[in-house]
Amino acid sequence: MTALPIILIAMSLFGAVVLAVMAFAPMFEGRVDVRRRLSVSSSGGRAATGGPTLIQDHSQSPWARIVDEVERRGLSLKDDKADALAERLMLAGYPQPYAIRVFVLLKLVLTIAFAAVAFLFFKVTGDPNKLHLYGLILAGATLGMYLPNIIVGRRAEDRKREILNGFPDMLDLLLVCVEAGLGIDAAFGRVGSEITGSHPLLSELLATVTLELRAGRTRAEALKNFARRTALPEAVAFTTLLNQSEKLGSSVGQALRIYAAEMREARRMRAEEKAARLPVLLSVPIVFFLVPIIIGVVMLPAGIKIVKTFSNAAIASK
């Protein structure tokens, strides 16, 4: 094995590890930031840099600096279907302007890293068949290419599920605010600040709606963007409900009360459906793991006795 493949493999693995660490680092940074803000709020003061803001500076992100440096070196990270990819990444919770370039960079790095791991595995095993080498490299490259798509799709589904589960609580609080005398625009900001701890995704979406309304967009446009960011039929129905109530002059509180009750009932039915699926899902491990053990425990003594009987009969016949 020459030195060049080893160096390439080591560099690819190092790059993959660095990208993985940087991907998980914001999780811990977010926890540290939450603890810092809690400590500041409990002491009654503010941070030296000022209070929190809804506008984030994405230029200071490590990912932004990495993709800028990579493109500065001459490697283009643009995608032919940038609009569709941006929509998918937004639904997965990555609305940053550099998200597309990071996604393309991750696909490139993972494709090379997985192919290098497959090549290293082939060299370690010492398999002389070159067809196995090509198959392993192709499988590793394919896995590295499609793994980010799978992760983004799964994260988008989890995010939609979390938003859907918190939707009835948001509607209840919105109804309370409207009936207390707040306008619907002010109620968005109030509810968004109240559900920060219980439903952070909905809180972020409502904060975005509030910022758009303050920037001068109409309520119909802001709610349309809200429904597009969630990609939920329930959000589209909620947007239509508020727009129709405004156009027809009907009571927003009464419409929210009815829709909130329907959403709570739908959430209860989803929970009952999941509970009804448990016996079916549990039958699979029971059949494959528990039933063979029970059969072995029941049949093993009888089998031993049969073997002993035939052994004694064979000895007696001799």
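When a residue number appears, it is its place in the shown sequence, counting from 1.
- The pair Arg270-Glu273 does not count as a salt bridge, with every side-chain nitrogen at least 4.0 angstrom from each carboxylate oxygen.
- Salt bridge annotation for Glu272-Arg268: present, with a cationic side-chain nitrogen under 4.0 angstrom from a carboxylate oxygen.
- The same ILVMFWY cluster, assembled from side-chain heavy atoms under 4.5 Å apart, contains both Phe289 and Val284.
- Residues passing the ring-ring contact (aromatic ring centres under 6.0 Å, His included) test with Phe167, sequence neighbours excluded: Phe238.
- Put simply, the side chain of Thr309 gets close to the backbone of Lys305: a donor and an acceptor are under 3.5 Å apart.
- Residues Asn225 and Thr208 fail the side-chain proximity criterion, which asks for heavy atoms closer than 4.5 Å.
- Atom CG of Leu202 sits about 6.0 Å away from atom CZ of Phe226, to the nearest 0.5 Å.
- Residues Ala231 and Leu91 share a closest heavy-atom pair of CB-CD2, 3.5 Å.
- A distance of 11.5 Å separates CG of Leu281 from NZ of Lys274, quoted to the nearest 0.5 Å.
- Considering all non-hydrogen atoms of both residues, Leu175 and Gly253 come closest at CD1-O, 3.1 Å.
- There is a path of hydrophobic side-chain contacts, each under 4.5 Å, that joins Leu133 to Phe121.
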Legend entry - Step-by-step salt bridge (Lys or Arg N to Asp or Glu O under 4.0 Å) determination, Asp158 to Arg155: CA-CA 5 Å; Asp158 294 341; Arg155 182 178 172 85; over 6 Å; no
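- With a 4.5 Å cut-off on side-chain heavy atoms, Phe103 and Leu77 do not count as touching.
- Residues Arg267 and Asp169 have side chains in contact (heavy-atom distance under 4.5 Å, counting atoms from C-beta outward).
- Residues Leu164 and Leu232 share a closest heavy-atom pair of N-CD1, 4.0 Å.
- Between the CG atom in Leu105 and the CD atom in Glu71 there is a gap of 9.5 Å [rounded to 0.5 Å].
- Residues passing the side-chain hydrogen bond (donor to acceptor under 3.5 Å, both in side chains) test with Arg277, sequence neighbours excluded: none.
- Cluster membership for Val70 and Ile112, using ILVMFWY side-chain heavy atoms within less than 4.5 angstrom, is shared.
- The CD atom of Glu246 lies 6.5 Å from the CG atom of Asn243; values are rounded to the nearest 0.5 Å.
- Between Arg72 and Asp68, no side-chain nitrogen of the basic residue sits less than 4.0 Å from a carboxylate oxygen of the acidic one, so the salt-bridge criterion is not met.
- Under the 4.5 Å side-chain heavy-atom criterion for Ile, Leu, Val, Met, Phe, Trp and Tyr, Val280 and Ile286 are members of distinct hydrophobic clusters.
- For Glu162, the salt bridge (Lys or Arg N to Asp or Glu O under 4.0 Å) criterion is met by no residue, not counting sequence neighbours.
- Here the CG atom belonging to Leu223 is positioned 10.0 Å from the CG atom belonging to Leu241, to the nearest 0.5 angstrom.
- Looking at Leu173 and Ile195, their side chains come closer than 4.5 Å, going by heavy atoms from C-beta outward.
- Here Tyr259 pairs with nothing under the side-chain hydrogen bond (donor to acceptor under 3.5 Å, both in side chains) rule; sequence neighbours left out.
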Legend entry - Worked verdict on Tyr94 versus Val102 for side chain to side chain contact (heavy atoms under 4.5 Å, CB included): CA-CA 10 Å; Tyr94 303 108; Val102 171; over 6 Å; no
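- For Met145, the CE atom sits in a loose shell: 12 or fewer heavy atoms of surrounding residues, nucleotides or ligands are nearer than 6.0 Å.
- Remark: Lys224 does not engage Glu221 in a salt bridge, criterion side-chain N to carboxylate O under 4.0 Å.
- At least one side-chain heavy atom of Asn149 sits under 4.5 Å from a side-chain heavy atom of Lys107.
- For Gly197 against Pro200, the heavy-atom pair with the smallest separation is O-CD, 4.2 Å.
- The number of heavy-atom neighbours closer than 6.0 Å to CG of Asn312, taken from other residues, nucleotides and ligands shown, is above 12.
- Side-chain atoms of Arg264 and Asp172, non-hydrogen and from C-beta on, do get closer than 4.5 Å to each other.
- Once rounded to the nearest 0.5 Å, the distance linking CE of Met170 with CG of Leu256 reads 8.5 Å.
- When side chains are defined from C-beta on, Leu174 counts as touching Phe188, because their heavy atoms get closer than 4.5 Å.
- Placement of Leu206 and Val176 in two distinct hydrophobic clusters is found when ILVMFWY residues are connected by side-chain heavy-atom separations under 4.5 Å, directly or transitively.
- Residues meeting the side-chain hydrogen bond (donor to acceptor under 3.5 Å, both in side chains) test with Arg159, sequence neighbours left out: none.
- When the salt bridge (Lys or Arg N to Asp or Glu O under 4.0 Å) test is applied to Glu87, the partners found at least two apart in sequence or on another chain are Arg228.
- The main-chain N or O of Val252 is never found under 3.5 Å from a side-chain atom of Ser245 such that the two would form a donor-acceptor pair.
- Across every non-hydrogen atom of Ala222 and Leu213, the tightest pair is CB-CD2, 3.9 Å.
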Inset, instruction - Start with the C-alpha gap between Arg73 and Glu69, add the side-chain angles, then the distance that decides, and say whether salt bridge (Lys or Arg N to Asp or Glu O under 4.0 Å) holds. - result: CA-CA 6 Å; Arg73 299 299 177 90; Glu69 186 65 25; 3.0 Å; yes
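- Residues Gly144 and Leu110 share a closest heavy-atom pair of O-CB, 3.6 Å.
- Between Phe119 and Leu136 the shortest side-chain heavy-atom distance does not fall below 4.5 Å.
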